[in-house]
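Okay, so here's the structure we're looking at.
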Amino acid sequence: LKEARAVYGAENAATVLFEHNGGSLQEARGDLAAAEATYASGFERLRRLLGLPHPSTIRALVHLAGAIGRQGRYEEVRALAPQAELAVVA
């Protein structure tokens, strides 16, 4: 990750994807709160850098929704649905 930041810069989509993928490791260790924070940051940054209809941004949204849902917060997952719909329509 440090190398990605040095090569691509902190606000490059490749660096954000490296960071976002770290959420999978956090989730595998059972730290859903940390994974959620990582996924949320990745999603917001990818949406800004690549746009909502980009496949990487959609994947980040799915990961975020999954982490929230695995914590039993289904209403929050439902609240993300309009963004997913916009991504599909765009």
Side-chain angles (χ1 to χ4, degrees):
L1 182 56
K2 187 183 292 185
E3 292 169 353
R5 285 186 184 129
V7 172
Y8 301 114
E11 288 302 310
N12 180 281
T15 304
V16 175
L17 286 169
F18 280 123
E19 291 173 0
H20 181 83
N21 289 339
S24 297
L25 297 173
Q26 293 166 321
E27 197 168 352
R29 289 192 311 251
D31 192 351
L32 292 175
E36 177 188 347
T38 299
Y39 291 150
S41 173
F43 169 65
E44 291 301 327
R45 292 164 66 201
L46 289 170
R47 184 170 63 173
R48 183 172 35 81
L49 292 167
L50 303 175
L52 190 54
H54 192 279
S56 294
T57 307
I58 295 169
R59 192 173 315 110
L61 178 58
V62 169
H63 289 162
L64 174 59
I68 293 170
R70 281 187 275 293
Q71 295 175 75
R73 297 177 7 235
Y74 305 114
E75 288 301 316
E76 291 178 53
V77 173
R78 285 186 198 95
L80 294 174
Q83 293 183 73
E85 290 171 2
L86 288 173
V88 173
V89 172

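We're numbering straight along the sequence, starting at 1.
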### Query
Given the rule in the salt bridge (charged side-chain N to carboxylate O under 4.0 Å, His left out) test, do Arg70 and Glu36 qualify, once you have shown the distances and angles that lead to the verdict?
CA-CA 10 Å; Arg70 281 187 275 293; Glu36 177 188 347; over 6 Å; no
### Query
Yes or no on side chain to side chain contact (heavy atoms under 4.5 Å, CB included) for Val7 and Asn12, after CA distance, side-chain angles and deciding distance?
CA-CA 10 Å; Val7 172; Asn12 180 281; over 6 Å; no
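One hydrophobic cluster, built from ILVMFWY side chains closer than 4.5 Å, cannot hold both Phe18 and Val16; they sit in different ones. Leu50 and Ile58 sit in two unconnected hydrophobic clusters of ILVMFWY residues. Membership requires side-chain heavy atoms under 4.5 Å apart, directly or through other members.
Nearest heavy atoms, Thr57 versus Leu46: OG1-O, 3.4 Å. When all heavy atoms are compared, the tightest approach of Ala35 to Gly23 is CB-O, 3.5 Å.
Side-chain atoms of Thr15 come within 3.5 Å of backbone atoms of Gly9 as a donor-acceptor pair (strictly under, hydrogens ignored). Thr38 places no side-chain N or O within 3.5 Å of a backbone atom of His20 that could act as its donor or acceptor partner.
The closest side-chain heavy-atom distance from Leu52 to Phe43 is below 4.5 Å. Looking at Glu19 and Arg45, their side chains come closer than 4.5 Å, going by heavy atoms from C-beta outward. Contact of the Glu27 side chain with the His63 side chain is not registered, since no non-hydrogen atoms from C-beta on lie closer than 4.5 Å.
In this model, no donor atom of one side chain and acceptor atom of the other lie less than 3.5 Å apart for Tyr39 and Gln26.
Separating the CZ atom in Arg73 from the CD1 atom in Ile68 is a distance of 5.5 Å, to the nearest 0.5 Å. The distance from the CG atom of Leu61 to the OG atom of Ser56 is 12.5 Å, given to the nearest 0.5 Å.
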